[in-house]
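Take a look at the structure set out below.
The structure displayed is predicted, hence computed values, not measured ones. Naming: A, B, ... by sequence-line order, numbering from 1 per chain.
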Amino acid sequence: MQKIMLKLALVICLMGQLFLSTKFGTSINGFQFLILDFSDQFSTSIDMTFCFFVTLATITLTFYSQIKFAAFFIFGWFLTLALTKTILHGSFGWEVAIFAYAARYCLPLCLYYFSIEKRELALKIAIFGVSSTFIAHGIEAMMLNPIFLDYMYDFSEVYLNIVPTQKYVETGLFFIGMVDILVGAALIFSRNKNLVLYIAAWGLITALSRITYHGYAQWYEFFLRIPHFALPMFIYFNKGIKFQPLQIFKNKDQVQCQS
Amino acid sequence: MSKLIQVLILLSISFNLRAKDIEHMRVIFQENPSTEAYIAWSTIGPIPTGRNRVYFDTVSRDKDNKYTQQKKAFLQKPYSYSFSMLHAVKLKNLKPNTTYYFKIRSGKATSREYHFKTTPNNESFELLFGGDSRSDRSKRREMNLLMKKMLEENSNIYALVHGGDYIANGFSWSQWKKWLDDHQLTTTDSGRVLPIIPTRGNHELSRALFNDIFIYPGNLIRPNYYTTQIGDFSLINLNTNWVVGGPQKWWLKSELKKAAKRSKWIVTNYHRPAYPAVKKPGRAKKHWVPLFEKYQVDIVFESDGHTLKRTAPIYKEKVNFEKGITYVGEGGLGVKQRIPKHKDEWYFQSPGYAVSAHHVMKLRVQEDKMIYTVHTEDLKVFDRMEIQPRNR
């Protein structure tokens with residue numbers, strides 16, 4: 001069941017990302033075009049070629065989740081998207097993009113290691129992905145990411161029928177950011193049931209906020225954030241797997257695992 | 001004799017050094033370009049001792065230096081993330097449609113004489129529009145020289161409305177420095193300066209350097225969104241890099257309401273497009289487009305996409321030649337041009353288009369109509385559109 005959940009999450013996430021990439025281009029395209037000085041046509045061709053192979057890798061991983069190359073190919077693609085976003089400096093939070101995208105690039109690895117019965121490693125990857133994503137988004141929130149502020153204004157006006165003051169919204173977002181950082185950091189130390197469920201619920205709510213804000217036309221924004229919900233749920237289902245706290249980043253041989 | 005020559009050489013070297021002390025001179029128009037202007041410049045090292053001020057007059061005083069007015073720098077501080085010093089003067093109570101000649105004195109260095117024209121209140125005038133001058137420096141310099149030529153040939157051009165993305169990394173002083181150096185190329189040989197009406201783009205990132213360079217447009221209360229009022233022409237400059245809904249939307253609504261009463265022409269300008277040729281639509285589409293339609297904005301300038309575009313007139317997501325609003329621009333002042341991905345979208349149907357071309361746009365504002373033209377690198381007119389006054 002967990003494998004199906006991870007596969008489903010990966011397929012949904014990649015549907016969103018691939019739609020976004022083919023329709024509007026990616027940061028890899030921007031990097032090739034503006035930094036490497038490739039022609040627009042060539043950059044787009046490379047972008048589309050990657051999209052094609054990522055689609056193939058996703059199909060492969062959906063049916064044969066033990067194929068390492070497919071998992072690492074998707075991982076590499078998502079990681080490169082984050083890295084090029086950092087290099088291009090064009091969007092708010094570029095400094096932490098590499099961590100903000102962690103749930104997305106950790107998902108295929110998590111699925112792969114779970115499929116080959118390396119469950120503790122899969123869990124560690126999931127924890128890293130979720131913690132990094134939460135902490136990075138928390139930092140962005142504390143830096144008052146204008147997009148997040150817009151979501152809050154919109155939510156208050158449309159759904160609560162309250163016109164909030166700027167101070168109220170900014171303080172609120174700052175507080176949310178602080179909570180995100182604390183929760184993300186706490187996950188490294190503890191897999192408390194309530195903590196993990198809170199993270200999953202918040203991941204889903206924030207992903208859904210893209211639909212409530214932009215409308216159904218931007219469904220892909222919701223789709224590509226599905227790992228923010230699926231990975232915490234994976235952690236929830238595997239919270240019984242024990243390893244010493246703070247050792248999630250160490251070599252697996254150093255870790256006392258007990259599945 | 002040899003001592004005299006040595007002294008003369010030393011004097012000449014020191015004069016050259018001093019002359020180079022004043023860098024990055026720029027004139028910035030913000031809310032009232034008919035009566036107010038900012039003059040800013042840079043010096044290297046600590047604040048020069050002595051006078052840091054601008055001497056100005058309505059006639060040239062280049063020969064006798066007997067300027068009748070002077071203004072002390074109100075802002076002197078290091079630019080963020082740099083060792084260079086920023087100096088800025090705000091000239092107030094200027095006369096509309098008047099040429100002001102000025103010299104900058106910073107410490108012992110004195111600049112050459114420059115001049116600019118304040119905008120008129122009731123006569124026709126022209127503004128240049130363009131955005132995205134990052135990443136391709138040689139092209140940026142070419143485009144600046146092109147604007148210089150336009151300024152030399154047309155005394156009715158008053159300013160450049162820059163749509164944002166001046167440089168690639170808004171934190172980098174070295175990139176800003178190059179941009180400011182290149183901007184000097186827009187100054188004509190006679191010393192006529194092309195004032196800037198600034199807009200924030202996504203690559204300007206944090207508030208600090210952009211605000212240092214353009215002297216806090218919109219002040220701290222309205223982070224980089226403000227209205228430039230020229231007679232009965234309202235140019236509403238918005239910030240797509242900040243909260244687009246909430247306070248900015250509320251401000252835009254009240255501003256459009258006021259503009260609909262006081263102005264014949266309403267033009268908006270911002271960076272991230274609502275109807276893009278390349279990227280996905282920005283948040284402006286959700287929050288601002290309904291207001292543009294309600295208050296019947298005349299034309300909207302956008303940047304960011306690195307293409308040249310003009311949409312068909314759009315009203316409520318359909319082409320409407322009576323009530324529709326045309327969205328133009330996308331940025332071509334010195335950035336590699338992209339192939340427009342969305343050129344087949346419904347909003348680019350005739351008379352709309354989306355192509356790859358470096359360009360600068362010009363808006364001529366007259367009593368009875370506005371004339372929009374697009375000029376490509378060869379200075380040829382690529383597109384022309386007449387805009388009639390709306391019944392609001």
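With a 4.5 angstrom heavy-atom cutoff, A/Ser39 touches chain B only via backbone atoms. In this structure, chain A has a heavy atom under 4.5 Å from the side chain of B/Lys249, while its backbone stays farther away. Within the 4.5 angstrom heavy-atom criterion, only backbone atoms of B/Asn241 (N, CA, C, O) approach chain A. Residue B/Gln248 does not touch chain A at all, counting heavy-atom pairs closer than 4.5 Å. Heavy atoms closer than 4.5 Å to chain B are found in both the backbone and the side chain of A/Gln41. With a 4.5 Å cut-off on non-hydrogen atoms, A/Tyr153 touches chain B through its side chain but not through its backbone. In this structure, the portion of B/Val278 lying under 4.5 Å from any heavy atom of chain A is its backbone and not its side chain.
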Audit row: A/Glu157, B/Lys286, salt bridge (Lys or Arg N to Asp or Glu O under 4.0 Å) steps and yes/no: CA-CA 14 Å; A/Glu157 279 184 63; B/Lys286 175 184 168 82; over 6 Å; no
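Ring centroids of B/Trp242 and A/Phe92 are separated by 6.0 Å or more, keeping the two rings apart. Ring centers of A/His89 and B/Phe171: at least 6.0 Å apart, outside the cut-off. A ring-centre distance under 6.0 Å is found for A/Tyr213 and B/His287.
More than 12 heavy-atom neighbours from other residues, nucleotides or ligands sit within 6.0 angstrom of CZ on A/Phe222. Residue-environment remark: NZ (B/Lys280) exceeds the threshold of 12 foreign heavy atoms within 6.0 Å. With a 6.0 Å radius and a threshold of 12 heavy atoms from other residues, nucleotides or ligands, A/Asn161 has its CG atom at or below the threshold. In B/Lys343, the NZ atom is not crowded: 12 or fewer heavy atoms of neighbouring residues, nucleotides or ligands sit closer than 6.0 Å. Counting heavy atoms of neighbouring residues, nucleotides and ligands inside a 6.0 Å radius, atom OH of A/Tyr220 exceeds 12 of them.
Between chain A and the options B/Gln337, B/Arg283, B/His203, heavy-atom pairs under 4.5 Å are most frequent for B/Arg283. When each of B/Asp136, B/Asp165, B/Asn202 is scored by its heavy-atom pairs under 4.5 Å with chain A, the top score falls to B/Asn202. The candidate from A/Val169, A/Asn29, A/Ile35 with the greatest count of non-hydrogen atom pairs under 4.5 Å with chain B is A/Asn29. Comparing A/Val163, A/Thr44, A/Asp37 by heavy-atom pairs within less than 4.5 Å of chain B, the highest count is held by A/Asp37. With chain A as the partner, the residue from B/His342, B/Arg338, B/Lys285, B/Lys341 showing the most heavy-atom pairs under 4.5 Å is B/Arg338.
Among residues 140-151 of chain A, the residues having any heavy atom closer than 4.5 Å to a heavy atom of chain B are, in sequence order, A/Leu144, A/Pro146, A/Ile147, A/Leu149, A/Asp150.
For the pair B/Lys336 and A/Phe33, the cation-pi criterion (under 6.0 Å, within 45° of the ring axis) is fulfilled.
Between B/Arg134 and A/Leu34, the closest side-chain pair of non-hydrogen atoms falls below 4.5 Å.
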